[in-house]
**Student:** 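Structure in structure tokens, see below.
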Amino acid sequence: MRRYFSSFLISFIVYASFIVSGIYFVSIEDENTVVKEMQEIQTVAVSIIQQQCHTKKEKIEKKVEKKTQVKPKPQPTVVQDEIVKKEIESEIDEVAIQEKESEPQEELVEEQEEVEEKVVQKDSVDEEKLQEEIRQMMAAKKKELDLFTQHLIKKINENKRYPMSARRRGVEGDVSVKFIVLSNGGVDAIEILEGKSIFTKSTIAAIEDSFPVSVGDSLLQFPQEFKIRLVYVLK
């Protein structure tokens with residue numbers, strides 16, 4: 001019984017080893033076929049990519065050659081030369097017209113400058129005449145003022161009375177006084193500026209007795225202030 005069992009076991013192991021080895025070899029062949037197929041697919045893909053790159057490179061090279069080709073410059077034709085000549089002639093004509101138009105404008109400017117010069121000269125002459133008239137008028141007024149003042153002093157001196165107290169003591173002197181001559185010929189605002197007080201009343205009385213005076217035909221403007229000096233000397 002043991003002998004049959006051992007022989008069965010040995011035969012089972014042998015058959016099992018054959019089956020396992022067969023399965024192993026079959027699986028190895030399948031793996032090899034898969035690897036071969038993958039290698040073939042890769043080689044095909046690489047070849048396709050290389051072909052695409054080569055075609056793209058050829059297209060780019062053709063485009064670059066087309067761009068680098070220098071186009072021949074068009075030679076100027078006779079028609080263009082004629083057009084340029086006509087444009088130059090038209091510009092020359094325009095310059096000549098502008099010069100002709102500018103000539104009368106320059107003449108007008110010169111005439112205007114001459115007129116302005118004459119006006120300025122006339123104005124300067126008129127101004128000089130006016131200044132001369134003003135100077136003459138001022139000189140006439142000063143002369144009349146001097147004459148009027150001398151007339152007043154003469155008239156006041158005629159009305160002046162030497163004070164008895166000063167005469168008894170032998171006192172002499174002068175008095176500065178100011179007053180205003182009114183537009184009606186009267187006098188106002190008599191004020192003693194300096195001098196001995198002994199002559200104050202006599203001076204004021206002499207001035208009051210000398211007015212009114214005639215101012216109707218005078219060039220002077222009234223009311224006007226006057227300042228005079230009266231001298232008191234014993235004779």
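Computed from a predicted structure; not experimentally measured.
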**Student:** Is the shortest side-chain heavy-atom distance between Ser165 and Ile198 below 4.5 Å?
**Tutor:**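 Side chain of Ser165 against side chain of Ile198, heavy atoms only: contact under 4.5 Å found.
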
**Student:** Over all heavy atoms of both residues, which pair between Leu182 and Pro223 is shortest? Give the atoms and the distance, please.
**Tutor:**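 So the minimum-distance heavy-atom pair works out to CA-CB, 4.1 Å.
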
**Student:** Can Glu133 and Met137 be said to form a side chain to side chain contact (heavy atoms under 4.5 Å, CB included), step by step?
**Tutor:** CA-CA 6 Å; Glu133 289 176 358; Met137 188 179 295; over 6 Å; no

**Student:** For the residue pair Tyr232 and Phe199, does the interplanar ring angle fall in the parallel (under 30°), tilted (30 to 60°) or perpendicular (over 60°) class?
**Tutor:**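 Because their plane-to-plane angle is under 30°, the rings of Tyr232 and Phe199 count as parallel.
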
**Student:** To the nearest 0.5 angstrom, please state how far the CD1 atom of Ile204 sits from the CD1 atom of Ile192.
**Tutor:**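 Reported value, rounded in 0.5 Å steps: 4.5 Å.
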
**Student:** For residues Lys160 and Ala206, report the shortest heavy-atom separation together with the two atoms involved.
**Tutor:**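 Here Lys160 and Ala206 meet closest at CA-CB, 3.6 Å.
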
**Student:** Step through the shown structure and confirm whether more than 12 heavy atoms of other residues, nucleotides or ligands are within 6.0 Å of CD on Gln221.
**Tutor:**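 Open: at most 12 neighbouring heavy atoms sit under 6.0 Å from CD of Gln221.
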
**Student:** Do Val175 and Leu234 share a hydrophobic cluster, counting only Ile, Leu, Val, Met, Phe, Trp and Tyr and linking them when any side-chain heavy atoms are less than 4.5 Å apart?
**Tutor:**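 Yes, same cluster.
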
**Student:** How far apart are the closest heavy atoms of Ala189 and Ile180, and which atoms are they?
**Tutor:**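 Of all heavy-atom pairs spanning Ala189 and Ile180, the closest is CB-CD1, 4.0 Å.
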
**Student:** With heavy-atom distances below 4.5 Å as the criterion, would you say the side chains of Glu172 and Val233 are in contact?
**Tutor:**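 They are in contact (side-chain heavy atoms under 4.5 Å apart), so the answer is yes.
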
**Student:** Please name all residues satisfying salt bridge (charged side-chain N to carboxylate O under 4.0 Å, His left out) with Arg167, sequence neighbours left out, ordered by chain then number.
**Tutor:**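 So Arg167 forms no salt bridge (charged side-chain N to carboxylate O under 4.0 Å, His left out) with any residue.
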
**Student:** What verdict does the side chain to side chain contact (heavy atoms under 4.5 Å, CB included) test give for Ile156 and Ile228, after you've listed the backbone C-alpha separation in whole Å, the side-chain angles of each residue and the deciding distance to 0.1 Å?
**Tutor:** CA-CA 10 Å; Ile156 292 169; Ile228 63 172; 3.5 Å; yes

**Student:** Can you check whether Arg161's main-chain N or O pairs, donor with acceptor, with Ser202's side chain at less than 3.5 Å?
**Tutor:**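 Yes, the answer is positive, given that a donor and an acceptor are paired below the 3.5 Å cut-off.
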
**Student:** How far apart are the C-alpha atoms of Phe226 and Leu145, what are their side-chain angles, what is the distance that settles it, and do they pass the side chain to side chain contact (heavy atoms under 4.5 Å, CB included) test?
**Tutor:** CA-CA 10 Å; Phe226 290 86; Leu145 179 62; 3.4 Å; yes

**Student:** Main chain of Lys178, side chain of Glu191: is a donor-acceptor contact present, judged purely on distance under 3.5 Å?
**Tutor:**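 No, because the side chain of Glu191 does not come within donor-acceptor range (under 3.5 Å) of the backbone of Lys178.
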
**Student:** Calculate, to the nearest 0.5 Å, the distance between atoms OG1 and CD1 belonging to Thr200 and Ile190 respectively.
**Tutor:**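 Here the interatomic distance stands at 12.0 Å.
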
**Student:** Give, for atom CD of Glu158 and atom CG of Asp209, the distance between the pair rounded to the nearest 0.5 Å.
**Tutor:**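 Result: 12.0 Å between the selected atoms.
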
**Student:** Between atom CD1 of Ile153 and atom CG of Leu230, what is the distance when rounded to the nearest 0.5 Å?
**Tutor:**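 Answer rounded to 0.5 Å: 7.5 Å.
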
**Student:** Does Arg135 pair with Glu128 as a salt bridge, N-O distance under 4.0 Å?
**Tutor:**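 Looking at Arg135 and Glu128, the cut-off is not met.
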
**Student:** Are Leu147 and Leu152 linked, directly or through other ILVMFWY residues, by side chains that come within less than 4.5 angstrom of each other?
**Tutor:**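 Different hydrophobic clusters.
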
**Student:** Measure up the Phe179 and Phe211 rings against each other and bin them: parallel (under 30°), tilted (30 to 60°), perpendicular (over 60°).
**Tutor:**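 Rings of Phe179 and Phe211: perpendicular, as their planes differ by over 60°.
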
**Student:** Using the rule given for side chain to side chain contact (heavy atoms under 4.5 Å, CB included), can you reason through Val215 versus Leu220, listing the C-alpha separation, both sets of side-chain angles and the distance that settles it, and then say yes or no?
**Tutor:** CA-CA 8 Å; Val215 295; Leu220 303 176; over 6 Å; no

**Student:** For Val213 and Phe148, work out which heavy atoms get closest and say how close.
**Tutor:**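 Between these two residues, the closest heavy atoms are CG2-CZ, 3.9 Å.
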
